Novice: 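Okay, here's the structure, questions in a sec.
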Amino acid sequence: MWSGIKACLYREIKNTSSSPRFIVENLMNPLFTLFIFGVIMSNAIGSITSGGQEFSYLPYFMVGTINLSLLTNSLVMATRVFLDKYIGFFDDLLSYPVKRVSLIIGRLCYNLLISLLQILVMFVVVYIFFPNDINLGLPLFFFLLVSLISSSAWFFVLMYISHVLRTQDGFNTLYFLLMTPLVFLSSVYYPVESMPNVLKQISIINPLTWVTDVSRFFLLDYQASGVPFKIIGISVFAVASFILAVRKIDNL
Amino acid sequence: MIKFENISKTYKTKTSVIQALTDVSAVIDAGEIYGVIGLNGAGKSTMIKILTGILKQDKGKVFINGLEPSAKEKYRRQYCVTYQNFGLDMHLSVRSNLELHGMLFGLGKFELKKRVNDVLSRFDLEQYENSRTNELSGGYRKRVQIARNFMLDVPVLIFDEPTVGLDPIIKNSFLSDIKSYAKKGCTIVITTQVLEEAEKLCDKIAVLHKGKILDVNTPQIFKSKYSKQNQAILYTGQIDDALILEVQKRLDKETDSFTSDKFCITITSTNDTAYLLELVNKISSSIKIRINSVEIKNSSLEDVFVSIAKED
């Protein structure tokens with residue numbers, strides 16, 4: 001098991017270290033989003049009211065951006081499976097005498113590493129400007145825990161899809177069909193309460209809303225409704241997607 | 001030992017059903033070099049992918065040393081494979097690709113370094129060890145891909161059309177490496193369209209055509225079994241009527257025929273080469289025209305393959 005994980009981590013880290021593109025893609029991009037969109041909206045709105053509480057928009061938006069980045073990272077990893085399939089490396093990987101689950105876990109470890117780096121960069125930048133709005137200590141630890149679990153859940157579900165689909169074309173179609181509702185029918189950019197009733201009902205069952213609400217609960221003291229249920233929902237989502245992904249790669 | 005038992009495989013597309021393999025059976029002994037020859041679309045790569053367990057057959061069973069692909073890691077530890085596509089990470093350097101390969105086989109740090117250095121030197125890749133794989137030419141990528149297989153001590157080495165794009169020097173060194181691995185007891189399965197290569201290398205050759213194994217034999221038996229025509233080419237200063245008449249007189253009309261041009265006469269016979277030599281001797285001793293040289297041509301494996309495929 002360990003040799004598979006180690007080899008996959010080695011591959012990803014070597015790939016990353018040989019490409020300066022990585023810094024732009026993984027670290028600068030979320031920061032750009034945070035600054036350009038967050039600062040403009042922050043100036044335009046100033047603060048946002050949700051659940052009867054008032055928040056500075058930038059820290060509020062930062063939590064949304066972090067959760068969006070976690071989803072995007074997993075998307076990038078899933079896309080790379082198609083590249084491997086295209087160049088024939090995927091067949092090679094499946095032919096090695098390692099547990100196939102280790103191929104997924106190795107990539108997950110790398111994915112979590114990148115996610116933690118992104119969180120750290122965004123957190124430090126926002127904390128400098130809004131030190132009183134953000135919780136440290138145990139809430140920060142729980143926030144990180146939730147982020148890692150949700151990142152894993154996205155990763156597993158997208159790995160499952162990338163193993164099911166033969167070509168990237170199908171994946172791209174799915175991406176365009178699902179990404180817009182997934183992101184805009186969630187609490188990433190604005191509170192769910194501000195949505196029309198029908199859309200609000202949809203956004204409540206969106207896992208991206210759950211993770212964003214729970215993250216804000218720990219980091220910003222946001223009093224979201226049904227936090228324990230949302231935590232259970234995220235955990236079930238993560239376990240179910242893990243089982244799906246592992247079963248799929250094992251049966252390839 | 002490798003065993004294919006009545007393997008069948010069908011690919012279904014939206015518009016058609018392709019029968020890739022039909023009841024393929026084969027037994028490959030330890031230390032044997034087993035060649036699978038066939039035209040494009042014959043089912044060679046499907047056979048290899050079923051052997052490595054990454055493609056599931058619809059029917060039949062496959063074994064390597066008594067294990068089935070369902071034994072997962074234990075099964076996959078029996079072999080090392082080079083697929084037809086460049087199974088390399090194009091963004092990694094040559095060295096990193098080799099290291100990754102060794103790591104996935106669980107090699108320790110010291111052993112890994114030793115073996116990577118060894119194949120880098122054996123395959124003349126030292127100068128490119130830090131180059132990214134996507135910067136290399138097709139031939140060098142193939143070289144890296146093949147070098148990986150020789151890094152490890154596994155009971156079975158599998159190559160799917162390995163020599164495509166290799167230069168003659170590396171190709172020869174690869175072929176001699178294969179022979180020396182087989183001598184050590186390693187079983188080799190190799191698919192190719194280059195019949196000359198299969199003829200030189202393989203202990204046994206299977207002719208795969210439209211998903212069926214038409215015949216399995218040694219290259220020599222193949223040639224004697226299917227060889228239908230041998231040729232004698234007589235090169236002379238000039239061809240005149242006397243020579244042509246003499247040739248016509250000596251030929252057995254049942255088995256022989258001939259063609260001529262300005263400087264040579266080609267006699268084709270279904271009899272063996274000894275018969276042809278005797279015939280040429282008789283012709284040359286009975287006429288005054290000087291024969292500069294005589295070339296006797298056996299039918300090649302290529303002719304044999306064409307003949308088997310035609311029969312089918």
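Model, not experiment: these values are computed from the prediction. Numbered from 1 within each chain, the chains take letters A, B, ... in sequence-line order.
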Novice: In this structure, are over 12 heavy atoms from other groups packed under 6.0 Å from A/K99 atom NZ?
Specialist: no
Novice: With a 4.5 angstrom heavy-atom cut-off, which part of B/R141 approaches chain A: side chain, backbone, both or neither?
Specialist: neither
Novice: What part of A/Y10 gets within 4.5 angstrom of chain B, counting heavy atoms only: side chain, backbone, both, or neither?
Specialist: side chain
Novice: Nearest heavy-atom pair of A/S95 and B/Y83: which atoms, and what distance?
Specialist: OG-OH, 2.6 Å
Novice: Report yes if the side chains of A/N15 and B/L92 come closer than 4.5 Å at any heavy-atom pair, otherwise no.
Specialist: yes
Novice: Is it the backbone or the side chain of B/K74 that comes under 4.5 Å from a heavy atom of chain A, or both, or neither?
Specialist: neither
Novice: Rounded to the nearest 0.5 Å, how far apart are NZ of B/K49 and CG of A/L94?
Specialist: 10.5 Å
Novice: Looking at side-chain heavy atoms only, is the closest gap between B/L104 and A/L103 below 4.5 Å?
Specialist: yes
Novice: For the CG atom of B/L100 and the NZ atom of A/K14, what is their distance to the nearest 0.5 Å?
Specialist: 11.0 Å
Novice: Step through the shown structure and confirm whether more than 12 heavy atoms of other residues, nucleotides or ligands are within 6.0 Å of OH on B/Y11.
Specialist: yes
Novice: Taking B/L107, B/D89, B/T52 one by one, which has the highest count of heavy-atom pairs under 4.5 Å against chain A?
Specialist: B/D89
Novice: Crowded around A/F37 CZ? As in, over 12 foreign heavy atoms under 6.0 Å?
Specialist: yes
Novice: Answer yes or no: is there a side-chain heavy-atom contact under 4.5 Å between A/L83 and B/M90?
Specialist: no
Novice: Measure across B/R76 and A/Y96 and return the closest heavy-atom pair with its distance rounded to 0.1 Å.
Specialist: NE-O, 2.7 Å
Novice: Can any side-chain N or O of B/K56 pair as donor or acceptor with the backbone N or O of A/N251 at less than 3.5 Å?
Specialist: yes
Novice: Is B/Y79 close to chain A through its backbone or its side chain, or both, or neither, when contacts mean heavy atoms under 4.5 Å?
Specialist: side chain
Novice: CG of B/N97 to CG of A/D92: how many Å apart, nearest 0.5 Å?
Specialist: 9.5 Å
Novice: Under a 4.5 Å heavy-atom cut-off, does chain B meet the side chain of A/I87, its backbone, both or neither?
Specialist: both
Novice: So, for B/G53 and A/R100, which heavy atoms are closest and what is the spacing to 0.1 Å?
Specialist: O-NH2, 4.4 Å
Novice: Write down the atom of B/G106, the atom of A/S3, and the distance for their closest heavy-atom approach.
Specialist: CA-CB, 4.0 Å
Novice: Using 0.5 Å steps for rounding, measure from the NZ atom of A/K85 to the CG atom of B/N85.
Specialist: 14.0 Å
Novice: Take B/K72 and A/D250 through the test side-chain contact (heavy atoms from CB on, under 4.5 Å) and record every step on the way to the result.
Specialist: CA-CA 9 Å; B/K72 296 181 177 177; A/D250 232 15; 3.3 Å; yes
Novice: Say you draw a straight line from NE2 of B/H101 to CZ of A/R11; how long is it, rounded to the nearest 0.5 Å?
Specialist: 14.5 Å
Novice: Any chance CZ of A/R247 has more than 12 other-residue heavy atoms, nucleotides or ligands included, within less than 6.0 Å?
Specialist: no
